[in-house]
Amino acid sequence: MRALARYAPPALAVAACSVALGPAGAPSRKAPTYASNVAPILNRQCVECHRPGQVAPFSLIGYENARKWSGAIVQMASARQMPPWKAVHGFGEFADERRLTDEQIQTLSDWDAAGAPRGDAAREPKPPTMRSGWTLGEPDLLLQPDRAYHLAAEGDDVYRNFILSTDFKEPVWVTGLDVRPGNPKVVHHVIVFLDGMGAAQRLEEAQNDGEPGYTSFGGVGFLPTGALGGWAPGLRARLAPEGTGLLVKPGVKLVLQVHYHKSGKPEVDRTQIGLYLARKPPEKQIGLMWLMKPGLKIPAGEQAFETEIDRRIGRDVTVYGAMPHMHLLGRMMQAEAGLPDGKRVPLIKVEDWDFRWQMAYGFRKPLRLPAGTHIRVSARYDNSASNPRNPNHPPKDVAWGEQTTDEMFLMIVPYTLDGPGEPPSFRMP
Ligand code: HEC
C-alpha cells in the first residue's frame, strides 16, 4: 500500500542539532531553548496535527503553547506515544519514518527540566505553512459521500462507512489515493475498502438511521474484497511505483471508512477522496496478500495470548509495505519473511498496538521475495481484566469477527508478481 496510502512526512533530515556543541565539540552545559532547539522539532514533527482546526486536541505552534504543554510533551515523546508511529524502529525499513531521535527526546526533556526557557525570540523559526490542496496535484476523479454526515458532540468514537457512488463501465487502474478531510477536527483516519459483493449496500439499508452510510464496530462490517489504502493526519500521499496500479473492476463499490473522534460540539463532515488513474493498463497489477487467521480464538483472562500463521509464497513477488490490523485486545503484531536460503528478513513489528492508529506503512525500498519464501505473522493479545481497552467486563472468550467485542488477526501486504499474470484474490500468490 506504499503507493496508495498517505505516509508520514519526510524524515528528520534537517532537524536542528539537539545539543549545542562547544568549541571543542563537547556538549556545552547550556540548557536548550525554545527558539534554538525546541521549535524546530515541534514544527517538523508535531504542528501538522497540533494546530488549530486539526485532529490533535491543542496547538503546539508558538512559544506560549509549547511552554504550557512542555511536561506533557516530554511525557508523550519519552514514551514514544507521539508523534504517532507504531512500527518499531530497526525492524523493517520504512519510507518517511516519523520518529524522534533519542537526542531530540533528550533535548525536549532538558528544556522542560530547565523551566522551558524561550531563548532569543527573534531567532525563532516560523512554523511551516501547510499545503491544504492535493499533494499529488489535481486528482483524476473526486469522490465523496452523497450528503454530509452529522456527528454527535460527545460519546465513543464512530466508524462510519460511506458507499461512494461510482459507476465504472470499464476496469479502472488506480495509481494513487489522496484524502481531503471535510472537517479535520474530527477525522482521525480514513481507509478506502473495495466491496465486490454488494455487502455494504445491504448493511446501509439494514441500519437506515437517516444519515449517509452506516456505522460499524471495528471493521467495515463485511470482509472486503480489497482496499485502496489508508490515510491518517500528517501522512503524505504517494503514487504507486512506476508501472504498477490497483485494478477496480466494473461493479465494485468503493467504501470510504472514516474514524471520527468527537469534539465536544456537534460536527458535520463530508470527506473527499481523490483518485489518480493510469491512462493505460500498467505492466503490473498490485495484489494484496491478506495474511489472516479467521479461526482466531482468545481465551478469557489470558494476558499474553500468542498465535501465528505461516504462509508460503509460490511465485517470485515484490512487496511494497504492510498494514497490520487488530482490534482492542491486540498488543503486538509482526511479520517476517523466511527466504528459501534460510535468511530471515524483518518486515514490520508493532509492539504497542493502538487500535486508534490504523496505519499503512510503506517500505523504503520494494522488496523482492523469491518463490518458496514463507511469511510468518505473529501476534499477541491481552484478554485479561487488566487490559484497560478490554471491551468485556469480566473478560470472555473472544473470536475473529467484525464487532468491537470480536478480534482480528490480519496483515495486508501489497505486492506484484515478478512474472506475468494477475495476482490471485484471497489466495497466496
Ligand atoms: C498525526 C497527528 C499527530 C502528530 C504528528 C502529533 N500528534 Fe500529538 N496528538 C495527536 C492526537 C490526535 C492526540 C489526541 C490523543 C490521541 O488521539 O491519541 C494527540 C495528543 C497529544 C498529547 C496529549 C496526550 C494526552 O492525552 O495527554 C501530547 C502531549 C502530544 N500529542 C504531543 C505531541 C508531540 C510533542 C508531537 C511531536 C513530537 C505530536 N504530539 C505529534 C495527533 C498528533
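Counting starts at 1 for both ligands and their atoms, in listed order. Here, residue 1 is the first one in the sequence, and each next residue gets the next number.
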Can you give me the SD-atom 8 (Fe) of ligand 1-NE2 angle for Met82 and His50, to 10°?
170°
For Ala72, atoms of ligand 1 separated by under 4.0 Å from a heavy atom
29 (C)
Between Trp69 and ligand 1, which part of the residue brings a heavy atom under 4.0 Å of the ligand: side chain, backbone, both or neither?
neither
Under a 4.0 Å threshold between the charged nitrogen and the carboxylate oxygen, would Asp382 count as salt-bridged to Arg331?
no
Side chain, backbone, both or neither: which part of Pro84 comes within less than 4.0 Å of ligand 1 when only heavy atoms are counted?
side chain
Centroid separation Phe305 to Phe409 less than 6.0 Å
no
For atom 17 (O) of ligand 1, state which one of His261, Gln104, Arg80, His189 supplies the nearest heavy atom.
His261
Under 4.0 Å, heavy atoms only, figure out whether ligand 1 is touched by the backbone of Arg98, its side chain, both or neither.
side chain
Nearest heavy atom to atom 5 (C) of ligand 1 wins, so pick from Gln45, Met76, Arg44.
Gln45
Should you measure from each heavy atom of Ile73, which atoms of ligand 1 turn up under 4.0 Å away?
29 (C), 35 (C)
Aromatic ring pairing Tyr149/Tyr260, orientation class (parallel under 30°, perpendicular over 60°, tilted between)
parallel
Using the benzene-type ring in the case of Trp, are the ring centres of Trp357 and His188 under 6.0 Å apart?
yes
Should we say atom CG of Asp157 is surrounded by more than 12 heavy atoms from elsewhere, each under 6.0 Å from it?
yes
A student checking ligand 1 against Cys49 at a 4.0 Å heavy-atom cut-off should list atoms 1 (C), 2 (C), 3 (C), 4 (C), 5 (C), 42 (C), 43 (C)
So His189 and His259, would you call those rings parallel, tilted or perpendicular, with 30° and 60° as cut-offs?
perpendicular
Parallel, tilted or perpendicular, judged at 30° and 60°: which one describes the rings of Trp111 and Tyr34?
tilted
